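Here the structure comes first, spelled out in structure tokens, and everything after it is commentary.
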Protein chains: 2
Amino acid sequence: MTILRNRPSAGSPERGIPDATVARLPVYLRALNALTEQGIGTCSSNDLAAQAGVNPAKLRKDLSHLGSYGTRGVGYDVEYLRYQIALEIGQNQDWDVVIVGVGNLGSALSAYQGFSTRGIRVAALVDSNPERVGTTISGIEVSAMADLKKVVAEREISIGIIATPGEAAQEVADRLVEAGITSILNFAPALVQVPDNVDVRKVDLSIELQILAYHEQRKAGEAS
Amino acid sequence: MTILRNRPSAGSPERGIPDATVARLPVYLRALNALTEQGIGTCSSNDLAAQAGVNPAKLRKDLSHLGSYGTRGVGYDVEYLRYQIALEIGQNQDWDVVIVGVGNLGSALSAYQGFSTRGIRVAALVDSNPERVGTTISGIEVSAMADLKKVVAEREISIGIIATPGEAAQEVADRLVEAGITSILNFAPALVQVPDNVDVRKVDLSIELQILAYHEQRKAGEAS
DNA sequence: TCGTGTGAAAGTTTTCACAGCA
DNA sequence: TGCTGTGAAAACTTTCACACGA
């Protein structure tokens with residue numbers, strides 16, 4: 001889903017964490033937070049893997065891409081590891097995002113509790129519907145599409161979320177790119193075309209259910 | 001994310017489509033629908049791959065797991081292929097789902113247009129908050145948690161969606177399993193433990209953004 | 001001739017199993 | 001002794017490239 005070049009990258013001895021690992025680092029971060037809340041200061045790869053729902057060997061391999069932050073025979077210091085992972089994935093700074101489309105989904109996203117604790121701050125809302133412009137949702141005033149560029153520049157936003165119907169998605173993506181956005185999370189059920197320097201990830205709510213339905217059907221067919 | 005056994009399976013000569021392929025079949029279905037809307041009756045793997053945003057060789061390999069539905073030198077009949085894929089992933093029947101938790105996200109999901117056209121029907125809403133029980137959202141009356149089992153049985157629902165806060169997720173999952181649900185889509189930012197015969201898929205909205213933030217950070221660090 | 005279907009190669013991810021360090 | 005870090009094996013996925021059939 002993501003367009004990405006795994007640059008071995010600038011200066012540093014060797015960078016380039018595998019995609020599969022990157023996708024799990026936020027999960028480990030969440031697991032570490034849970035351990036902290038439980039008052040646990042040190043954990044083994046088994047403990048953390050159980051908390052994160054992965055295989056311990058995979059966890060160790062993943063962490064080995066970041067460096068050696070554990071102690072043999074002991075395990076990992078929860079707080080230290082949390083800090084190192086956060087550093088790696090840019091979680092010790094806040095990321096401002098703009099949500100385009102404040103229908104049901106966009107509104108739900110702007111109120112989503114999970115973002116703020118993960119360093120994601122919904123900084124602006126934009127909609128093409130004049131009736132919605134000027135209204136306030138989750139404490140944020142909705143701006144007009146025409147003001148997108150200004151809003152993005154003012155608040156130095158680099159991440160955009162598309163929460164419009166599928167038909168509008170490409171147009172919105174174009175506008176986001178034009179406004180200077182370089183990462184897009186696309187909830188619209190449509191592919192969007194963007195320049196090479198822009199990353200797009202897609203979340204498709206019905207596809208997830210369709211995959212479940214497939215397995216459900218197989219289970220049902222098991223009677224045969 | 002999914003727990004699944006790739007059963008070579010009952011009777012048939014050889015079943016068991018790779019996970020990666022299953023995850024793309026709904027995408028192909030959508031692409032075929034788009035072609036139909038454009039009045040295109042036949043397409044090559046190149047055409048369809050472009051529409052779906054994948055590599056043509058991958059598309060052909062994926063389709064080869066279902067059977068030989070193309071014609072060499074010609075391509076695929078759009079309608080016929082659509083039908084075959086729909087058959088494979090159980091898309092020619094409607095799937096009733098129950099959504100647990102009608103906060104912002106649950107409400108947005110119950111109104112989500114993308115479901116109905118993909119054979120997903122939101123058949124019931126359930127919430128633990130007494131103030132929400134009895135209210136109507138998107139034309140559906142919200143039921144109490146205590147009635148979950150009854151509702152699931154009455155409407156023969158096999159798929160459940162968890163749209164509650166993380167703390168409630170495990171409790172809800174247990175209730176769903178108890179009620180007879182065998183597939184769960186979990187939007188709560190928490191892992192849930194279920195028996196082996198139940199499939200769970202997880203959609204984590206903030207993780208997607210955190211992955212984008214990671215890439216964004218790398219891009220920013222490129223100046224070095 | 002053209003484009004599918006598919007073996008075989010390349011690449012990626014996961015898992016195993018154990019050397020090595022605290 | 002116990003658990004990390006990691007090579008090497010296994011599994012899975014993607015891509016290539018071409019034989020084959022309409």
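Bear in mind the structure is a predicted one, so any value in this text is a computation, not a measurement. Chain identifiers are assigned alphabetically (A, B, ...) following the order of the sequence lines, protein sequences preceding nucleic acid strands; residue numbering begins at 1 within each chain.
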(request) Using five pairs at either end of the helix from C/dT1-D/dA22 to C/dA22-D/dT1, determine the angle between the two local helix axes and round it to 10 degrees. (result) 10°
(message) So that I can tick it off, tell me whether B/Glu216 and B/Lys219 are bridged by a salt bridge, with the cut-off set at under 4.0 angstrom between side-chain N and carboxylate O.
(response) yes
(request) Drop me the distance from A/Asn46's CG to A/Gln51's CD, to the nearest 0.5 angstrom. (result) 13.0 Å
(message) Check this one for me: any side-chain N or O of A/Tyr76 less than 4.0 Å away from OP1 or OP2 of D/dG5?
(response) yes
(request) Assign a letter to each nucleotide of nucleotides 15-22 of chain C from its 5' end: B, base within under 4.0 Å of a protein heavy atom; S, sugar-phosphate only; -, no contact. (result) BBB-BBBS
(request) For the pair A/Leu148 and A/Leu176, evaluate side chain to side chain contact (heavy atoms under 4.5 Å, CB included) and give the outcome as yes or no after the intermediate values. (result) CA-CA 8 Å; A/Leu148 177 63; A/Leu176 285 170; 4.0 Å; yes
(message) Tell me the interatomic distance from B/Leu63, atom CG, to C/dT4, atom P, rounded to whole angstroms.
(response) 9 Å
(message) So if I take residues 28-49 of chain A and measure heavy-atom distances to DNA chain C, which residues fall below 4.0 Å?
(response) none
(request) Return the value, rounded to whole Å, for the distance between atom CG of A/Asp62 and atom C1' of D/dG5. (result) 13 Å
(message) To the closest 0.5 Å, what do you measure between CD (B/Gln217) and CG (A/Asn92)?
(response) 7.5 Å
(message) I want to know whether B/Phe115 and B/Tyr112 have ring centres closer than 6.0 Å.
(response) yes
(request) Output the single nucleotide from C/dG5, D/dT13, D/dT6 whose closest atom is nearest the side chain of A/Ser64. (result) D/dT6
(message) Rounding to an integer number of Å, can you tell me how far B/Leu66 CG sits from C/dT6 P?
(response) 12 Å
(message) Any donor-acceptor pair under 3.5 Å linking the side-chain atoms of B/Thr21 with those of B/Asp62?
(response) yes
(message) Surrounding CD of A/Gln38 (heavy atoms of other residues, nucleotides or ligands, distance under 6.0 Å), is the total greater than 12?
(response) yes
(request) Give the intermediate values and the outcome of salt bridge (Lys or Arg N to Asp or Glu O under 4.0 Å) for residues A/Arg82 and A/Glu79. (result) CA-CA 5 Å; A/Arg82 204 204 58 76; A/Glu79 184 45 38; 3.6 Å; yes
(message) Aromatic contact between A/Tyr80 and A/Tyr69, with the criterion being ring centroids under 6.0 Å apart: yes or no?
(response) yes
(request) Figure out the CG/C1' separation between A/Asp19 and C/dT13, and round it to whole Å. (result) 11 Å
(message) From NE2 of A/His65 over to P of D/dT4, roughly how many Å is that when rounded to an integer?
(response) 17 Å
(request) Establish, from distance only, whether the side-chain atoms of B/Asp47 and B/Ser44 form a donor-acceptor pair under 3.5 Å. (result) yes
(message) Pair B/Asp204, A/Arg30 - check salt bridge (Lys or Arg N to Asp or Glu O under 4.0 Å), show working.
(response) CA-CA 11 Å; B/Asp204 193 313; A/Arg30 182 164 290 166; 2.2 Å; yes
